[in-house]
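Take a look at the structure set out below.
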Amino acid sequence: MNTSVKIAEGLILKNPVLSASGTFAYGEEFSEIFDLSLLGGIVTKGLSLKPKKGNPSPRVFETTGGMINAIGLENIGVDAFVIEKLPFLGQFNAPVIVNFFGNEEEEYELVAARLDVDGISALEMNVSCPNVKKGGIEFGKDPNTLLSLVSRVRRATSKTLFVKLSPMVKDIREMAIAAQEAGADAITCANTIPAMAIDETTQRPVLGNITGGLSGPAIKPVALKLVWDVHQCVHIPIVASGGINTYHDVIQFLLAGASAVEVGSASLRDPLCFIDIIEGTKAYLKEHSIQSVTELVGKLII
Amino acid sequence: MNTSVKIAEGLILKNPVLSASGTFAYGEEFSEIFDLSLLGGIVTKGLSLKPKKGNPSPRVFETTGGMINAIGLENIGVDAFVIEKLPFLGQFNAPVIVNFFGNEEEEYELVAARLDVDGISALEMNVSCPNVKKGGIEFGKDPNTLLSLVSRVRRATSKTLFVKLSPMVKDIREMAIAAQEAGADAITCANTIPAMAIDETTQRPVLGNITGGLSGPAIKPVALKLVWDVHQCVHIPIVASGGINTYHDVIQFLLAGASAVEVGSASLRDPLCFIDIIEGTKAYLKEHSIQSVTELVGKLII
Amino acid sequence: MKDVRGTVCNNTKVADDTFLLSLDCDLPDSRPGQFVMVKVACGYEPFLRRPFAILSNHKQTLEILYKVKGRGTQLLAEKRPGDILSILGPLGNGFSVPEEKRQVVYVAGGTGLPPVLSLAEDLKQGVLIFGAQSKDQIPLMSRISSLPGVELKVATEDGSYGFMGLATDLLDELTGNARGPVSIYACGPKGMLLATSECARRTGSRCELSLEEFMSCGFGVCSGCVVETIHGNKRVCRDGPVFDAQDILF
Amino acid sequence: MKDVRGTVCNNTKVADDTFLLSLDCDLPDSRPGQFVMVKVACGYEPFLRRPFAILSNHKQTLEILYKVKGRGTQLLAEKRPGDILSILGPLGNGFSVPEEKRQVVYVAGGTGLPPVLSLAEDLKQGVLIFGAQSKDQIPLMSRISSLPGVELKVATEDGSYGFMGLATDLLDELTGNARGPVSIYACGPKGMLLATSECARRTGSRCELSLEEFMSCGFGVCSGCVVETIHGNKRVCRDGPVFDAQDILF
Ligand SMILES: Cc1cc2nc3c(=O)[nH]c(=O)nc-3n(C[C@H](O)[C@H](O)[C@H](O)COP(=O)(O)OP(=O)(O)OC[C@H]3O[C@@H](n4cnc5c(N)ncnc54)[C@H](O)[C@@H]3O)c2cc1C
Ligand SMILES: Cc1cc2nc3c(=O)[nH]c(=O)nc-3n(C[C@H](O)[C@H](O)[C@H](O)COP(=O)(O)OP(=O)(O)OC[C@H]3O[C@@H](n4cnc5c(N)ncnc54)[C@H](O)[C@@H]3O)c2cc1C
Ligand SMILES: Cc1cc2nc3c(=O)[nH]c(=O)nc-3n(C[C@H](O)[C@H](O)[C@H](O)COP(=O)(O)O)c2cc1C
Ligand SMILES: Cc1cc2nc3c(=O)[nH]c(=O)nc-3n(C[C@H](O)[C@H](O)[C@H](O)COP(=O)(O)O)c2cc1C
Ligand code: FES
Ligand code: FES
């Protein structure tokens with residue numbers, strides 16, 4: 001039985017189960033509880049050029065079947081990551097996929113260039129960030145903006161490049177096509193859904209940042225649809241993100257067209273869920289006499 | 001204590017709690033279990049020019065904190081509604097708000113015109129329908145398309161006009177502004193979120209239509225954010241829809257900027273929830289010494 | 001239809017994964033074939049109610065016979081005497097009363113037993129054919145056997161009890177040998193209903209089927225549970241669950 | 001940190017809405033001030049674990065003292081002996097050991113009792129000031145009173161027990177009269193911690209505060225629980241929950 005999937009020439013995952021950005025920090029804490037070499041890949045917290053302080057507290061709130069976060073992309077910055085965190089991640093036998101973002105095209109480019117170092121297998125661009133030069137509209141909202149941004153980043157790095165899309169767009173397909181056209185090697189589909197919580201006793205927003213992003217099982221049906229849509233229109237691999245909690249979810253996302261999945265919020269509640277998910281996936285393959293994970297990708301029977 | 005809210009010149013709701021389209025049919029079934037006169041308003045199933053058969057079964061699927069439906073807008077058609085259902089609804093002391101849709105601009109116009117009859121207090125346009133003349137892209141995805149559509153319908157009817165937006169757009173604010181500019185009296189915010197379910201044991205989609213729309217508590221945080229966004233940019237009233245289950249939700253949506261709310265999926269599981277929600281809202285007002293519901297609208301403390 | 005509170009009196013295992021739940025509750029009078037929507041949890045997990053046939057509803061006591069399939073029925077199986085459930089019902093149309101002088105045959109497969117058993121307990125006549133996979137899957141044997149006027153015939157697929165084969169094999173035999181007109185009442189898996197309906201057509205029997213579809217509301221407002229009939233889409237929860245077999249487009 | 005299974009031994013009400021839970025579980029050794037993340041339900045309702053201080057953790061027995069606040073703690077209160085919970089821990093840093101010759105004062109308000117009580121049971125010295133709204137809100141009185149070497153002082157806001165007023169009033173008095181250097185260990189509502197920290201500054205006492213923030217992971221990966229300190233943002237779950245009072249920017 002073969003659980004490995006090839007995402008790009010330089011990137012073969014031993015299994016399709018990755019961590020997700022922002023729910024795995026830089027790997028250190030999780031390494032205390034399981035061997036990170038078991039993972040298909042390690043996706044790290046989103047990095048910016050300079051360290052970022054993030055949003056005021058409260059930053060997280062639980063909702064029905066999920067949670068809203070408004071961390072505000074707090075991170076140690078790309079330099080500190082390369083110097084302080086990357087060597088640690090090098091110990092494990094799992095590709096390191098570094099999530100990053102910027103506030104303008106140039107910052108994306110600079111961060112990507114700075115991450116073109118050994119020990120990193122791929123970059124994941126978070127395009128759900130406001131473009132400060134364009135009045136704060138997210139890069140991931142318009143296909144032309146995205147095409148231009150991804151093209152610049154593509155030229156700035158030799159690494160395998162994932163583009164992580166925003167879910168809340170007019171048509172995710174045109175975004176995926178733009179990313180592919182600009183040279184992305186894979187599409188991560190998708191980020192959290194914009195959301196909000198209000199405490200009616202105080203009559204105030206719950207989160208320090210007022211709004212945040214919804215994740216967890218609540219959004220799984222939405223993410224599944226997005227992956228299915230993207231699968232209809234691109235030929236590069238899709239990495240699914242959104243509400244993956246069990247191996248059932250993994251199989252469903254593979255069938256919808258994903259080649260791999262990222263597990264985010266689920267690992268906040270259950271740090272060992274990765275192991276259950278990987279084992280469950282293997283057991284499913286065995287039970288259904290499927291030789292290779294890749295046989296399932298996009299094979300939804302209509 | 002005053003629970004009434006004014007939506008337009010001709011439309012004052014005795015309380016801000018309405019039924020939602022597609023979860024209340026034409027009112028007959030619910031009338032067996034409670035007095036519909038208690039409602040702030042009755043929103044009926046979406047009507048088309050001709051009767052519509054809808055999608056193949058299965059049509060509904062439960063998900064974490066919600067459900068996906070792919071009913072496919074099955075309805076009896078506008079003529080049968082006016083003749084067979086409207087007289088029944090006339091018995092109750094609650095405004096009747098008729099949801100409708102079309103497959104092209106002209107159909108919307110014709111349905112609206114046909115509904116310009118006594119016994120109907122307002123129309124609610126569902127714009128989450130594919131525009132068959134424009135390659136099947138939803139009317140509610142593009143502000144110019146929406147502006148043109150709503151303008152035509154506006155001319156076709158003398159009724160109070162709600163425009164019910166799609167949640168999955170680039171920026172809900174530009175859609176709300178377009179609707180307002182075209183003469184809408186209120187914005188219903190918002191419809192279900194596109195979603196999908198897969199059964200990994202059969203490797204098939206669960207729903208006959210493959211994809212459907214997600215509703216229920218799972219989407220509440222998303223709907224709340226959309227209402228908050230829309231509230232920043234329009235001056236016409238907002239009617240909230242999405243995951244409203246309790247009076248807590250009602251107060252939260254009012255604070256975010258809604259003048260009234262629609263209760264959909266919650267009433268499928270609990271047909272009597274309307275009464276609890278209305279009573280709970282009153283109790284909240286009393287407890288907080290608030291004279292009128294309208295004092296809460298948009299009064300989120302930042 | 002009313003939304004009533006039911007207090008669990010008993011919730012006992014009566015066969016493999018199968019439980020008999022009795023509730024103290026003030027449900028309005030119902031007819032065999034009608035059902036209730038049960039809220040199995042207070043929160044939103046699961047979000048929707050679950051439909052169950054009314055096995056009996058007399059003197060403030062409601063009986064439900066159910067099989068554990070997923071988490072909803074699992075939660076139900078965890079209920080203890082004294083727990084309170086919200087019950088919406090009675091819902092749906094129920095079986096029609098057979099014309100006089102007709103021989104009555106009930107056909108039930110698996111979890112399709114409750115509605116037809118309810119009818120048999122009401123009519124106190126006829127033959128009840130019950131099909132199951134094996135002996136361990138047969139609930140309420142002694143209750144059914146001791147029903148006055150009703151004869152029980154059991155078919156098991158593995159032959160561990162009664163006739164080895166399908167319930168519909170027994171039905172074919174019975175209708176083949178019948179001397180007068182027959183009325184068939186059936187509930188069970190789709191394949192069984194199809195075969196039953198075929199048999200009825202062949203033998204010119206009257207035949208009513210109680211259908212199952214996944215339901216969200218259960219009282220007719222969402223159109224989530226439709227089935228195609230010769231009269232167009234019909235809601236299983238409101239226009240059924242009992243339909244004339246001739247009307248169904250399988 | 002390990003994810004261990006805990007079997008409920010006891011889950012008893014010890015004050016208004018307050019329960020003492022003891023679990024049979026193989027949690028690694030811990031220090032006072034550390035905490036665990038408890039999964040209160042198997043499904044997704046609620047989705048996240050809940051943080052609770054470790055009251056004690058000896059000989060395979062873990063004790064948690066908790067107050068019912070919302071649905072998570074409500075579900076916990078419904079657990080019965082034999083039920084199994086998933087426990088992640090020990091988490092966080094815990095209190096530091098006081099230097100010799102220092103007078104130790106513990107200040108606890110409401111649900112802030114467990115971490116400081118845990119420390120008092122460990123150090124077996126000092127004065128424990130506990131503040132509550134009223135008498136009914138005071139748990140484990142006899143256990144605390146009988147602690148060797150520890151003196152208990154209670155303040156209730158309504159005066160129904162002990163001193164009428166705030167815990168920090170008692171603290172002010174105590175530190176005012178103290179003859180040598182004092183080490184203060186506090187956990188409780190924000191206002192209490194602020195006043196405690198003020199008092200420590202005024203009197204030149206060492207002071208450690210155990211903070212609470214809403215947590216999603218509890219082990220440092222999400223940055224959901226940060227607090228501002230003079231050293232920048234710190235994660236309450238990982239860099240705390242115990243902080244030097246001087247570092248916190250209230
Ligand atoms: C009118 C009626 C009467 C009934 N009477 C009885 C009775 O008396 N006794 C009894 O035991 N059962 C009865 N049932 C069946 C019973 O309602 C189900 O077994 C129960 O709802 C299962 O709930 P669950 O939460 O345990 O399972 P779930 O976890 O909800 O699912 C069980 C199975 O159904 C599948 N499923 C769920 N939704 C769909 C969908 N939309 N399309 C296709 N498959 C789906 C799931 O994948 C799973 O395999 C009746 C059903 C109906 C409609
Ligand atoms: C390190 C640590 C140790 C603790 N130790 C103990 C202990 O030993 N004993 C004890 O009783 N309690 C302790 N607590 C508090 C305990 O964790 C909470 O009371 C518990 O999680 C409440 O869960 P619930 O589901 O019952 O309430 P919930 O329903 O989750 O909420 C309770 C209240 O918190 C509010 N709330 C929820 N999320 C947020 C947010 N993001 N921002 C602001 N408000 C929010 C809700 O609105 C509600 O008022 C500790 C907390 C921490 C962080
Ligand atoms: C606390 C938190 C922090 C996150 N931070 C990032 C981030 O820095 N960059 C990013 O691209 N996505 C971030 N995400 C999004 C997740 O990587 C993931 O795409 C999303 O949560 C949906 O998956 P899930 O439902 O499995 O959590 C974050 C999510 C959470 C919950
Ligand atoms: C079964 C079902 C059918 C629906 N049919 C319609 C419809 O015909 N027209 C429409 O505008 N919205 C329709 N909706 C959307 C609801 O009116 C509502 O906007 C949505 O479900 C979100 O609210 P909720 O979470 O309270 O259900 C339907 C929703 C459901 C669940
Ligand atoms: S389940 Fe809603 S109409 Fe039948
Ligand atoms: S709760 Fe996740 S970092 Fe503290």
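Convention: sequence-line order gives letters A, B, ...; per-chain numbering from 1.
Only the side chain of B:S57 comes within less than 4.5 Å of a heavy atom of chain C; its backbone N, CA, C and O stay farther away. For a residue to count as touching a neighbouring chain, one of its non-hydrogen atoms must lie under 4.5 Å from one of that chain's; by this rule B:E74 touches chain C with the side chain only. Looking at B:S267, only its backbone comes within 4.5 Å of chain C, counting heavy atoms on both sides.
A side-chain N or O of C:E208 and one of C:S96 form a donor-acceptor pair less than 3.5 Å apart. A donor and an acceptor atom, one from each side chain of B:N15 and B:T281, are nowhere located under 3.5 Å apart. A donor-acceptor pair shorter than 3.5 Å can be found between the side chains of C:S86 and C:D3. No side-chain N or O of B:S241 forms a donor-acceptor pair with one of B:T188 less than 3.5 Å apart.
Scanning residues 56-77 of chain C against chain B with a 4.5 Å non-hydrogen threshold yields C:R71, sorted by number. Among the residues in residues 236-244 of chain C, those with a non-hydrogen atom closer than 4.5 angstrom to a non-hydrogen atom of chain B are C:R238. Contacts between residues 23-47 of chain C and chain B, defined by a heavy-atom separation under 4.5 Å, are made by C:K39, C:A41, C:C42, C:G43, C:Y44, C:P46, C:F47.
Looking at C:L209 and C:C207, their side chains come closer than 4.5 Å, going by heavy atoms from C-beta outward. B:V43 has its side chain within reach of B:E124: a pair of non-hydrogen atoms, C-beta onward, lies under 4.5 Å apart. Side-chain contact between C:V107 and C:M192 is present, with at least one heavy-atom pair separated by less than 4.5 Å. C:L21 is listed as a side-chain neighbour of C:L85, based on a closest heavy-atom distance under 4.5 Å. Counting only heavy atoms from C-beta outward, the side chains of C:L48 and B:M67 approach each other to under 4.5 Å.
Residue with the most contacts toward chain C among B:T64, B:I71, B:N55, B:T63: B:I71 (heavy-atom pairs, distance under 4.5 Å). Looking only at heavy-atom pairs under 4.5 Å with chain C, the residue among B:A25, B:G54, B:A218, B:G27 that has the most is B:A25. Interface remark: of the candidates B:E32, B:R59, B:E28, B:R59 forms the most heavy-atom pairs closer than 4.5 Å to chain C.
Aromatic ring orientation, C:F214 versus B:F61: tilted (interplanar angle from 30° to 60°). Ring orientation note: the planes of B:Y284 and B:Y247 are tilted relative to one another, at an angle of 30° to 60°.
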Give the intermediate values and the outcome of salt bridge (Lys or Arg N to Asp or Glu O under 4.0 Å) for residues B:E62 and B:R269. CA-CA 11 Å; B:E62 192 185 45; B:R269 79 194 288 256; over 6 Å; no

Applying salt bridge (Lys or Arg N to Asp or Glu O under 4.0 Å) to C:K190 and C:E213, what does each step give before you reach the verdict? CA-CA 10 Å; C:K190 273 223 167 107; C:E213 263 300 326; 3.7 Å; yes

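Under the ring-ring contact (aromatic ring centres under 6.0 Å, His included) criterion, the residue pairs touching residues 77-99 of chain B are B:Y26-B:F81, B:F88-B:F92, with sequence neighbours excluded.
When the shell of 6.0 Å around CD of C:Q246 is examined, it contains 12 or fewer heavy atoms from other residues, nucleotides or ligands.
The main-chain N or O of B:N103 is found under 3.5 Å from a side-chain atom of B:E107 such that the two form a donor-acceptor pair.
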